[in-house]
Trainee: 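Pasting a structure here, questions to come.
Lettering follows sequence order; numbering is per chain, from 1. All values below were derived from every heavy atom in this structure, side-chain atoms included, with hydrogens, water molecules and symmetry-related copies excluded.
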There are 2 protein chains.
Amino acid sequence: MVKQRFRATSYDVAEAAGVSQSTVSRALSGDPIVAAATRERIVEAARRLNYHIDSSASRMRSGRLNTIAVVVICPEDEDVRAFNPFHYALLGGICAAASARGMETIVSFQGAPDRLDDHFERSRRAIGMIVFGTSENRAAWDYFQASADDGCHVVCWGAPAPAHELPWVRADNHGGARAAVEHLLDHGYRRIVYVGEADCPQRQFAERYDAYAETLQAAGLAPRIMTLEPGLSRHEQGRRAAAALLEAGEPFDGLFTACDDIALGAMALLEERGLNVPGDVGVVGFDGVKAGQFSVPPLTTIEPDFAVAGKALVNRLQALVDGEDGPQGRVPVRLVVRGSALGRVATPA
Amino acid sequence: MVKQRFRATSYDVAEAAGVSQSTVSRALSGDPIVAAATRERIVEAARRLNYHIDSSASRMRSGRLNTIAVVVICPEDEDVRAFNPFHYALLGGICAAASARGMETIVSFQGAPDRLDDHFERSRRAIGMIVFGTSENRAAWDYFQASADDGCHVVCWGAPAPAHELPWVRADNHGGARAAVEHLLDHGYRRIVYVGEADCPQRQFAERYDAYAETLQAAGLAPRIMTLEPGLSRHEQGRRAAAALLEAGEPFDGLFTACDDIALGAMALLEERGLNVPGDVGVVGFDGVKAGQFSVPPLTTIEPDFAVAGKALVNRLQALVDGEDGPQGRVPVRLVVRGSALGRVATPA
DNA sequence: CTGAAAGCGCTTACAG
DNA sequence: CTGAAAGCGCTTACAG
């Protein structure tokens, strides 16, 4: 219970173990040249004195940083409540992957245009940055693109805008969208509309649309897109898109949406208007967010492997820092079948 | 686009500005004693050379750390997908509060018993730790309790076990639970059951139960509790509890649950069994998680102020480090009225 | 208001 | 296999 005021240095350990300070440093950094018996004495003395290597001193002398900065781009108002939970799962995957590689993660949530900050690498706090989050905050993405242009090491999830040339890691959007559409087709849905954007800052959405269109055409069916109203939450965009589809009058019986939040919004509106999901309309989302487990019906979705995504981002950043400009990364996805696209119910008329 | 190999030091800036290195250090650290004209020359030179203070060197020399470690306790299998989104919102609040105080946050997700780690403070990476997450991972909580006993500075959200004596910050569970129960009463519900635990490691749950019971008794009604099956997800616990209530046969028309995920599970089961929420049963949760916005009906809940919670935790940790053992913290909550407790529908019989 | 100098606690050639 | 010594890049008394 006693808080220690005294903090041991490597000199204290050296004295206690009867060796020089440099030998302590070698022993505790795992240098195999140190004799086993010597190492044992040193480790024991360090334990007794509750000694731990001072990270600042070690970093300064060695130049090795062993830290990654993770920047989560939020909406400009920085409201984290409304934030897409997909990004939180990705954050967890990145932190776990970094930890598995013996690296630490400095995490910052950035949104407000006047508070964007990329000092991490310049001040030698981190070897580089992993950036991800909402593609809506254009100012933030432009800012970190500028950081990269300026010599910082930046890797991102997604890569939002065509103009942005950041090294990226993405989901297998093609395979995922194909699996989603095939799932709908297999369950008898034929008039399947894509809800999202085909030509938008969020490149991943465009990839999902392309694979959707290809898969439908391969089945001899025509693609159809319902685009989103800008400036709204994904959920609200989904609601409005579904409403617009009903208003348009053109019949449809399936929705493949650019992300889960859009799907949840669309489902809610369809139910309100008296349509049954999946009996009248089948719905498949993309992201694997937790809320989809609890919706009524539970949402069938495409879920990226968050652990693999985290590893891929960390590896890519390390490679970039090491000067290897490796290939872009793709993260595998899987179809999570829940209740929202289990098949049409034949209705009279 | 050119990556700079050269990294300027304060000596380079000194030379460029025609002053000594110590003056550069003073000017850039904001020491007001430096003449305005000198400071200007220095700032300009630093900008030109793209100079930034080396964080390791600064920390080593000054001893000031300016970093907080944030430990998010996960389930032992470290599956971040199943993780309560409430904790993510709290994480965001903490990072924002730290940033507003000019501090950085090292974030780690810890779950597996053999990978628990509290080296942050010992190795001078951080001034202390803010710990929160699932109360189910007892081994992890015991571990960080031991860290605190051992002299580390630890502040937590909630404080899970009675045996744990960590400094904490908690929601205003009393006020929140009272508001929840009063909302149910105001909308005509009379047989209101608490779903959760009254006597459990999660102290916050106990506080919510106590206020629930008090409020009911003040209205001349009898409290009733339906406890949870251990070892399941909160959602599944909610389902089972609702099923058990139906089986018990004793009539009820309202549920106040210990957290939102329990409420969502309970609502799903009630709907499956043909009961209408809120027409037959009113439901109010606690946490303000996003999934509650999208459930059918949307979940009425008690939401803590995440920004205030983050600030309170950061302040409390700083005070602890400064040797001021201030009072425990309470974070205000607000009732978020959505659709799940809008009133009974009078049904025949 | 500014400069010369010491020193924070390590890692790592270099020498033996 | 181990030790003596230099030095990473700052901050901060001390002197002027």
Side-chain angles (χ1 to χ4, degrees), chain A residues 4-43 45-46 49-67 102 119 121-127, chain B residues 4-43 45-46 49-67 102 119 121-127:
Chain A
Q4 49 189 43
R5 298 260 140 264
F6 167 76
R7 180 182 279 270
T9 69
S10 53
Y11 285 92
D12 300 314
V13 177
E15 195 177 337
V19 294
S20 74
Q21 181 270 339
S22 25
T23 301
V24 171
S25 177
R26 288 195 195 93
L28 297 180
S29 71
D31 189 333
I33 212 170
V34 177
T38 312
R39 155 172 291 115
E40 245 169 68
R41 277 211 319 286
I42 292 172
V43 167
L49 293 172
N50 195 17
Y51 170 75
H52 297 265
I53 297 174
D54 182 300
S55 144
S56 298
S58 169
R59 287 157 163 247
M60 172 155 65
R61 182 55 239 242
S62 74
R64 282 187 296 267
L65 255 33
N66 149 45
T67 301
H119 70 277
E121 192 171 350
R122 309 186 193 283
S123 62
R124 275 190 177 292
R125 277 167 156 80
I127 60 168
Chain B
Q4 49 189 42
R5 298 260 140 265
F6 167 76
R7 178 182 280 271
T9 69
S10 53
Y11 285 91
D12 299 314
V13 177
E15 195 178 338
V19 294
S20 74
Q21 181 269 339
S22 24
T23 300
V24 170
S25 177
R26 287 196 196 91
L28 296 180
S29 70
D31 188 333
I33 211 169
V34 177
T38 312
R39 154 171 293 115
E40 245 170 66
R41 277 211 319 287
I42 293 172
V43 167
L49 294 171
N50 194 18
Y51 170 76
H52 297 266
I53 297 174
D54 182 300
S55 142
S56 299
S58 170
R59 286 157 164 247
M60 173 154 66
R61 183 54 240 243
S62 73
R64 282 187 296 266
L65 254 35
N66 145 43
T67 301
H119 71 278
E121 193 172 348
R122 307 185 193 284
S123 62
R124 275 189 177 293
R125 277 168 156 80
I127 59 168

Trainee: Quick one: A:Asp12 CG to C:dC8 P, roughly how many Å, whole number?
Mentor: 12 Å
Trainee: How long is the straight-line distance from CZ of B:Phe6 back to CG of B:Leu49, given to the nearest 0.5 Å?
Mentor: 6.5 Å
Trainee: With the side chain counted from C-beta on, respond yes when B:Ser10 and B:Val24 share a heavy-atom pair under 4.5 Å apart, and no when they do not.
Mentor: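 B:Ser10 vs B:Val24: side chains touch.
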Trainee: Could you tell me how far apart A:Glu15 (CD) and D:dG3 (P) are, to the nearest whole angstrom?
Mentor: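 Taking CD of A:Glu15 and P of D:dG3, I get 13 Å after rounding.
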Trainee: So, is B:Thr23 close to the C:dG3 phosphate, meaning a side-chain N or O under 4.0 Å from OP1 or OP2?
Mentor: yes
Trainee: Specify the residue among A:Arg64 and A:Asp54 whose closest nucleotide of DNA chain C lies further upstream toward the 5′ end.
Mentor: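 Going by which nucleotide is closer to the 5' end, it is A:Asp54.
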Trainee: Is there a donor-acceptor pair under 3.5 Å between the side chain of A:Arg7 and the backbone N or O of B:Arg122?
Mentor: yes
Trainee: Write down the distance between CG (A:Leu28) and P (C:dC10), rounded to a whole number of angstrom.
Mentor: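 Rounded to the whole Å, the gap is 9 Å.
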Trainee: Under 3.5 Å, is there a donor on one side chain and an acceptor on the other for A:Thr23 and A:Arg39?
Mentor: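 Per modelled atom types, A:Thr23 and A:Arg39 side chains form no pair under 3.5 Å.
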Trainee: On DNA chain D, compare the nucleotides closest to A:Gln21 and A:Thr38; which residue's is nearer the 5' end?
Mentor: A:Thr38
Trainee: Side chains of B:Ser58 and B:Ile53: closer than 4.5 Å at any heavy-atom pair?
Mentor: yes
Trainee: Starting at atom CG of A:Leu65, determine the distance to atom P of D:dG9, rounded to an integer number of angstrom.
Mentor: 13 Å
Trainee: Would you indicate which nucleotide in D:dT11, C:dC10, C:dT12 comes nearest to any side-chain atom of A:Arg26?
Mentor: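 Of all the options, the side chain of A:Arg26 is nearest to C:dT12.
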Trainee: Look at atom CD of B:Gln21 and say whether more than 12 heavy atoms of other residues, nucleotides or ligands are closer to it than 6.0 Å.
Mentor: yes
Trainee: Between C:dC1, D:dT2, D:dC10, which one does the side chain of B:Ile33 approach most closely?
Mentor: C:dC1
Trainee: Using a cut-off of less than 4.0 Å, is there contact between a side-chain N or O of B:Tyr11 and OP1 or OP2 of C:dA4?
Mentor: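 No, B:Tyr11 has no side-chain N/O under 4.0 Å of OP1/OP2 on C:dA4.
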Trainee: Check whether any side-chain heavy atom of A:His119 sits under 4.5 Å from a side-chain heavy atom of B:His52, and report yes or no.
Mentor: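 A side-chain contact under 4.5 Å is absent here.
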Trainee: In whole Å, what is the span from the CD1 atom of A:Ile53 to the P atom of C:dC8?
Mentor: 18 Å
Trainee: Is any side-chain nitrogen or oxygen of A:Ser62 closer than 4.0 Å to OP1 or OP2 of C:dC10?
Mentor: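 Answer is no, no contact under 4.0 Å.
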Trainee: When you check the phosphate oxygens OP1 and OP2 of C:dC10, does a side-chain N or O of A:Ser25 lie under 4.0 Å from one of them?
Mentor: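 It does not, given that no N or O in the side chain of A:Ser25 lies less than 4.0 Å from OP1 or OP2 of C:dC10.
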Trainee: For the side chain of B:Arg61, counting heavy atoms from C-beta on, which of D:dT11, C:dG9, D:dG3 is nearest?
Mentor: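 Minimum distance to the B:Arg61 side chain belongs to D:dT11.
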Trainee: For DNA chain D, please output the secondary structure as dot-bracket, reading 5' to 3'. Pairs are Watson-Crick or G-U wobble, both atom distances under 3.5 Å; mark crossing pairs with [ ], other-strand partners with |, unpaired with a dot.
Mentor: |||.||||||||.|||
Trainee: Side chains of A:Arg59 and A:Thr67: any donor to acceptor distance under 3.5 Å?
Mentor: yes
Trainee: What nucleotide, of D:dG3, C:dC10, C:dA4, holds the atom closest to the side chain of A:Ala57?
Mentor: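 Minimum distance to the A:Ala57 side chain belongs to C:dC10.
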Trainee: Taking only the side-chain nitrogens and oxygens of A:Ser58, find out if one of them lies under 4.0 Å from OP1 or OP2 of C:dT11.
Mentor: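 So the side-chain polar atoms of A:Ser58 do come within 4.0 Å of the phosphate oxygens OP1 or OP2 of C:dT11, strictly under.
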Trainee: Specify the separation, in whole Å, of atom NE2 of A:His52 and atom P of C:dC10.
Mentor: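 Distance, rounded to whole Å: 12 Å.
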Trainee: To the nearest Å, give me how far apart CZ (A:Arg59) and P (C:dG9) are.
Mentor: 17 Å
Trainee: Compare side-chain N and O positions of A:Ser10 against OP1 and OP2 of C:dC10 and report whether any pair is under 4.0 Å apart.
Mentor: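 Checking C:dC10 against A:Ser10, a side-chain N or O does come within under 4.0 Å of OP1 or OP2.
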Trainee: Tell me which nucleotide among D:dC10, D:dT2, C:dG3 gets nearest to the side chain of B:Tyr51.
Mentor: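 When the side chain of B:Tyr51 is considered, D:dC10 is the closest of D:dC10, D:dT2, C:dG3.
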Trainee: Across the strands shown, which category fits B:Thr9 at heavy-atom distances under 4.0 angstrom: base, sugar-phosphate, nothing?
Mentor: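 Counting heavy atoms under 4.0 Å across all strands, the contact made by B:Thr9 is with sugar-phosphate only.
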Trainee: What is the separation between atom CD1 on B:Ile42 and atom C1' on C:dG3, rounded to the nearest whole Å?
Mentor: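 One finds 12 Å between C1' of C:dG3 and CD1 of B:Ile42, rounded.
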